[in-house]
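Please read the structure below before turning to the comments.
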Amino acid sequence: MYIKSKALVLHSIKYNDSSLIVHCYTETNGRQSFLLKGILSAKKGKFRKALFQPLTALEIEFQIKNKGGLNYLKDAKVRNPYQSLYTHLSKNALVLFIAEILHKSLKEEDEDKLLYSYLEHALLWLDTHEEIANFHLIFMLQLSKYLGFFPHVEHPDSPYFNLESGCFTHLLSSQQCIKGQTALLLKECLGMKFDNPSLPKLNQKARRELLEVLIQYYSFHLEGFSTPKSLAVLHSVFA
């Protein structure tokens with residue numbers, strides 16, 4: 001049986017000399033992987049490699065052969081052509097970073113239409129706005145809500161954030177606690193939306209420190225999560 005679904009490209013890797021393995025996040029079946037044979041060969045094939053850039057929004061038709069394995073992609077076409085994500089230097093750096101975050105975070109092969117809708121909305125927002133320096137911070141915070149470990153505030157004046165428990169607290173209970181201005185800034189960002197006019201104006205130092213905390217936080221709560229390789233590129237663009 002063939003399944004039709006919206007999908008976002010997470011990652012692609014070369015397989016042999018002429019093929020690609022492409023990982024996508026689908027609206028109907030969560031994360032799915034496909035083997036695209038011959039896509040890199042000189043002969044004109046069924047699909048163009050350009051279709052599978054990171055975070056491309058596709059409409060696909062596919063067949064699941066083996067759960068957790070490589071599946072068959074029958075058809076794919078661009079669903080929402082982006083206007084600036086791949087041509088704007090800063091946005092392209094954010095795309096590479098966000099795609100890597102999602103590739104490391106999204107492992108389930110189950111339907112989650114709310115999560116898919118969030119991802120689709122966030123990317124369309126990024127494509128059509130210019131004030132984007134804090135986008136990745138708000139994106140990661142909101143994504144943690146769908147992944148099940150959004151930070152919890154026990155008391156409004158709690159000065160510490162425990163990375164392991166995911167709670168703001170009055171107790172400096174371990175070395176895994178964040179304190180000071182970074183903890184206050186993290187709390188201030190909770191509940192913020194991309195287009196919220198009260199979004200904190202962060203300098204480079206504050207932005208880097210908060211991003212480091214979020215990466216550590218993800219590492220505590222997602223097995224196998226590691227620092228994205230694209231982080232250095234992101235830092236150079238937003239220096």
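Scope of the values below: all heavy atoms of this structure, side chains included, with no hydrogens, waters or symmetry mates.
With a 4.5 Å cut-off on side-chain heavy atoms, P151 and L141 count as touching. Looking only at side-chain heavy atoms (C-beta outward), K187 and F168 come within less than 4.5 Å of each other. Between S90 and I132 there is a side-chain heavy-atom pair separated by less than 4.5 Å. Inter-residue side-chain proximity for M1 and Q63 is flagged as unmet; no heavy-atom pair is nearer than 4.5 Å. Considering only heavy atoms from C-beta on, L8 stays 4.5 Å or farther from L102 through its side chain. Using a 4.5 Å cut-off on side-chain heavy atoms (C-beta onward), F194 and N134 make no contact. Looking at L186 and L214, their side chains come closer than 4.5 Å, going by heavy atoms from C-beta outward. Using a 4.5 Å heavy-atom cutoff, the side chains of T128 and Q83 are not in contact.
Taking the six-membered ring wherever Trp is involved, the centroid distance between the rings of F139 and Y118 falls below 6.0 Å. Aromatic rings from F161 and Y217 are positioned such that their centres are separated by under 6.0 Å.
The heavy-atom pair separating K104 from P228 by the smallest distance is CE-CA, 3.9 Å. Contact between F52 and A76 at its shortest, heavy atoms only, is CZ-CB, 4.3 Å. Between S105 and L222, the shortest heavy-atom contact is OG-CD1, 3.5 Å. Residue L85 comes nearest to L123 through the heavy atom pair CD1-O, 4.1 Å, listed as atom of the first residue, atom of the second, then distance. Of all heavy-atom pairs between R31 and E109, the closest is O-CG, 3.2 Å. Of all non-hydrogen atoms in F62 and T28, the two that sit nearest each other are CZ-OG1, 4.2 Å.
Using a 3.5 Å distance cut-off with no hydrogens or angles, the side chains of R207 and H235 do not pair a donor with an acceptor. With hydrogens and angles left out, the side-chain atoms of T26 and Q32 include no donor and acceptor closer than 3.5 Å.
In terms of modelled atom types and a separation under 3.5 Å, the side chain of K46 and the main chain of K74 share a donor-acceptor contact. Side-chain atoms of E108 never come within 3.5 Å of backbone atoms of G30 as a donor-acceptor pair (strictly under, hydrogens ignored). With hydrogens and angles disregarded, a donor-acceptor distance shorter than 3.5 Å links the side chain of N71 to the backbone of K65. H221 places a side-chain N or O within 3.5 Å of a backbone atom of L163 that can act as its donor or acceptor partner. Checked by atom type and distance alone, the side chain of D127 pairs as donor or acceptor with a backbone atom of S84 at under 3.5 Å. At distances below 3.5 Å, at least one donor-acceptor pair connects side-chain atoms of Y116 with backbone N or O atoms of A7. At distances below 3.5 Å, at least one donor-acceptor pair connects side-chain atoms of S219 with backbone N or O atoms of I215. Under a 3.5 Å cut-off, the side chain of N162 and the backbone N or O of S165 do form a donor-acceptor pair. In this structure, the side chain of Y86 engages the main chain of T56 through a donor-acceptor pair within 3.5 Å. Put simply, the side chain of Y25 never gets that close to the backbone of L119: no donor and acceptor are under 3.5 Å apart.
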- Given side chain to side chain contact (heavy atoms under 4.5 Å, CB included), test L96 with L55 step by step and report yes or no. CA-CA 8 Å; L96 295 177; L55 300 186; over 6 Å; no
- Message: What verdict does the side chain to side chain contact (heavy atoms under 4.5 Å, CB included) test give for L73 and F47, after you've listed the backbone C-alpha separation in whole Å, the side-chain angles of each residue and the deciding distance to 0.1 Å?
- Response: CA-CA 10 Å; L73 186 64; F47 300 116; 4.0 Å; yes
- Can you check side chain to side chain contact (heavy atoms under 4.5 Å, CB included) on F97 and V237, steps first, answer last? CA-CA 12 Å; F97 179 77; V237 170; over 6 Å; no
- Go through the steps to decide whether L126 and I98 satisfy the test side chain to side chain contact (heavy atoms under 4.5 Å, CB included), and finish with yes or no. CA-CA 11 Å; L126 178 61; I98 293 300; 5.8 Å; no
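With respect to E120 and R79, a salt bridge is recorded, a charged nitrogen being found less than 4.0 Å from a carboxylate O. With respect to the salt-bridge test (charged N to carboxylate O, under 4.0 angstrom), the residues K91 and E130 qualify.
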Identify each donor-acceptor pair in which a side-chain atom of residues 152-160 lies under 3.5 Å from a protein atom, sequence neighbours left out, and give them as a table.
from : atom 1 : to   : atom 2 : distance (Å)
D157 : OD1    : H170 : NE2    : 3.3
S158 : OG     : H155 : N      : 3.3
S158 : OG     : H155 : O      : 2.7

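Cluster annotation: L184 is not connected to V213 through the hydrophobic network of ILVMFWY side chains, with a link wherever side-chain heavy atoms come within less than 4.5 Å. In this structure, M140 is a member of the same hydrophobic cluster as F150, with clusters built from ILVMFWY side-chain heavy atoms closer than 4.5 Å. The same ILVMFWY cluster, assembled from side-chain heavy atoms under 4.5 Å apart, contains both V78 and I60. Under a hydrophobic clustering in which Ile, Leu, Val, Met, Phe, Trp and Tyr are joined whenever their side-chain heavy atoms come within less than 4.5 Å, directly or via other members, F220 and L171 fall into different clusters.
Sparse packing is recorded around CD of E164, with 12 or fewer heavy atoms of other residues, nucleotides or ligands lying under 6.0 Å away. The number of heavy atoms from other shown groups lying within 6.0 Å of CD (E212) does not exceed 12. More than 12 heavy-atom neighbours from other residues, nucleotides or ligands sit within 6.0 angstrom of NZ on K107. Other residues, nucleotides and ligands contribute only 12 or fewer heavy atoms inside 6.0 Å of the CG atom of D17.
Taken from CG in L234 to NE2 in H136, the straight-line distance is 4.5 Å, to the nearest 0.5 Å. Rounding to the nearest 0.5 Å gives a distance of 11.0 Å between OG of S5 and CD of E61. Rounded to the nearest 0.5 Å, atoms CD1 (I39) and CZ (R48) are 9.5 Å apart. Y82 OH to H88 NE2: the interatomic distance, rounded to the nearest 0.5 Å, is 16.0 Å. To the nearest 0.5 Å, the span separating CG on L106 from NE2 on H11 amounts to 13.5 Å. From H23, atom NE2 reaches atom CG of L10 across 8.5 Å, with rounding to the nearest 0.5 Å.
By the 4.5 Å side-chain criterion applied to Ile, Leu, Val, Met, Phe, Trp and Tyr, I21 is assigned to a cluster that also includes I13, Y15, L35, L70.
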